[in-house]
Protein chains: 2
Amino acid sequence: MQPMPPRAVTAICHALLEQIEHGLLAPGGKLPAERKLSEVFDTTRITLREALAQLEAQGLIYREERRGWFVAPERLTYDLIERSHFHAMVRDQGRVATTELLSARLQPASAAICARLQLPALSSVVRICRLRRIDGRAVLYAEHYLNPRYFPGILEQDLAQSLTEIYGRVYGIRYGQVCFEILPTALPVEAAGALKVSVGSPGLHITRVNSDQHGHLIDCDLEYWRHDAIRIRAQAG
Amino acid sequence: MQPMPPRAVTAICHALLEQIEHGLLAPGGKLPAERKLSEVFDTTRITLREALAQLEAQGLIYREERRGWFVAPERLTYDLIERSHFHAMVRDQGRVATTELLSARLQPASAAICARLQLPALSSVVRICRLRRIDGRAVLYAEHYLNPRYFPGILEQDLAQSLTEIYGRVYGIRYGQVCFEILPTALPVEAAGALKVSVGSPGLHITRVNSDQHGHLIDCDLEYWRHDAIRIRAQAG
DNA sequence: GAGTGGTCTAGACCACCAA
DNA sequence: TGGTGGTCTAGACCACTCC
């Protein structure tokens with residue numbers, strides 16, 4: 001249909017794409033330096049970076065801040081309905097998950113969190129920030145906000161583990177109804193910093209508000225995913 | 001925490017953000033020309049465009065190909081579970097929806113579509129391409145693939161209407177189980193062209209595979225949304 | 001210390017849109 | 001027809017990574 005303009009950027013994209021598809025650049029492999037690539041394609045770094053940015057938007061390559069460009073690994077499939085926890089989900093897909101605890105403490109809740117958990121103004125909540133990796137690559141920055149009333153003494157637990165597992169083992173709490181909200185947007189600074197991506201890169205923001213088996217609102221999660229690390233599945237009806 | 005580098009790009013973002021938040025630029029309003037803005041902020045167009053791209057990634061402004069930059073309207077909330085059809089969903093949120101039929105015909109199915117609909121190789125399917133707008137802004141490019149066996153003569157219907165409604169009225173078919181797959185990625189050329197966005201802009205790709213009330217796979221939709229036009233909701237458990 | 005990516009400058013030409 | 005956005009050039013300096 002369209003006359004297909006002979007754009008330099010498009011040509012570079014196609015050339016790189018072909019190399020990746022034919023396996024000359026393996027998943028996880030590093031691309032040559034930008035200056036080297038701009039010589040190869042006989043163009044400027046600005047133009048070359050434009051092409052890299054497009055492949056990044058497609059999720060085919062990704063960037064580690066100041067370290068260079070890499071071929072993106074396969075996405076993780078995230079099933080909204082049959083929610084196993086992160087480590088199990090990753091393991092079931094033949095990958096290795098790790099979790100790093102960034103911070104955990106009791107603090108006053110923001111207005112937004114109060115509203116989500118239906119708490120009165122200025123309530124205290126337990127805030128747990130964690131970074132999660134798949135095969136060593138940071139893919140998810142998550143903030144958990146727990147209603148402290150249901151989880152006395154949780155700060156003494158090992159919070160790099162699955163929270164779901166601690167909920168059940170220590171408090172006898174299981175998830176009941178869960179509400180999701182999925183928002184494609186740029187990653188905020190905290191998330192971008194933790195994931196080592198440049199601020200303003202596209203990402204996926206998932207908010208989960210969780211009730212327990214008795215219908216009490218127990219906690220909510222703010223998850224920030226690399227946009228290229230995830231595929232969401234759901235079944236309805 | 002971080003020393004907050006005095007980046008030109010960040011400074012411009014904040015300045016524009018403030019103007020938007022204080023309503024000096026109304027939703028749908030047009031921003032000044034890029035050259036004008038780069039003068040205002042005393043920088044080059046490249047740098048200024050970098051800032052605009054970041055705000056675009058956040059979904060705060062958007063671009064119409066060759067027409068300029070505009071302040072983004074509120075997102076549409078898309079509920080995965082209680083799926084009313086597009087026009088009803090938009091109307092319920094106080095907006096106006098329109099649908100434009102781009103093409104509709106019987107054609108051989110691609111391998112991917114055959115797999116989704118569990119059809120034998122080289123089956124024919126009805127392919128319907130449509131463009132949907134909210135308040136006049138193109139937000140969704142959708143391709144529907146129907147198993148023709150369940151929809152004889154559907155090409156004679158008015159396909160700018162709700163398909164859900166035609167299914168029920170003409171064929172006595174209602175949706176049963178539905179599978180979703182949500183993928184943040186760059187918009188492919190057909191979608192980008194129809195939505196009038198530059199190729200390679202981020203978007204949200206939603207695949208729906210629909211069964212009817214008897215469990216037959218009747219059709220599947222490939223939806224391509226502007227990343228800034230949508231917020232997805234779901235409830236589970 | 002060499003090389004890398006991150007950022008920025010100061011221009012240019014073209015195709016398209018609106019007047 | 002003038003101004004717009006889309007694209008591209010040919011450099012530069014800095015902070016950081018990696019050796």
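A note on names: the letters A, B, ... follow the listed sequences, proteins ahead of strands, and every chain is numbered from 1.
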Members of residues 40-55 of chain A that approach DNA chain D, where some heavy atom sits under 4.0 Å away
A/T43, A/T44, A/R45, A/I46, A/T47
Interatomic distance, B/K196 NZ vs D/dG5 C1' [rounded to whole Å]
16 Å
Calculate the interatomic distance between A/Y62 atom OH and C/dG5 atom P; express it in whole Å.
14 Å
Can you tell me how far P of C/dG11 sits from CD of B/E39, to the nearest Å?
13 Å
Any donor-acceptor N or O pair under 3.5 Å, side chains B/R95, B/Q93
no
Here the distance between atom P of D/dT4 and atom NZ of B/K36, to the nearest Å, is 6 Å
Checking B/R137 against B/Y62: charged group under 6.0 Å from the ring centre and within 45 degrees of the axis?
yes
Atom pair distance, as rounded to whole Å: CZ in B/R67 and C1' in D/dG3
14 Å
5'-most by nearest nucleotide on DNA chain D - A/E65 or A/V9:
A/V9
Could you state the atom-to-atom distance from CD of B/E34 to P of C/dC17 in whole Å?
16 Å
Centre-to-centre under 6.0 Å for A/Y78 and A/W225, is that the case here?
yes
Is there side-chain contact between A/Y141 and A/R132, with heavy atoms separated by less than 4.5 Å?
no
Given C/dT4, is OP1 or OP2 found less than 4.0 Å from the side-chain N or O atoms of A/R35?
no
Please indicate whether B/D158 has more than 12 foreign heavy atoms, meaning atoms of other residues, nucleotides or ligands, lying under 6.0 Å from its CG.
yes
For the residue pair B/R231 / B/T77, report whether a side-chain donor-acceptor contact shorter than 3.5 Å exists.
yes
Distance, rounded to the nearest Å, where A/R66 contributes CZ and C/dG5 contributes P
10 Å
Give the rounded distance in Å between these two atoms: CD1 of B/I61 and C1' of D/dG5.
13 Å
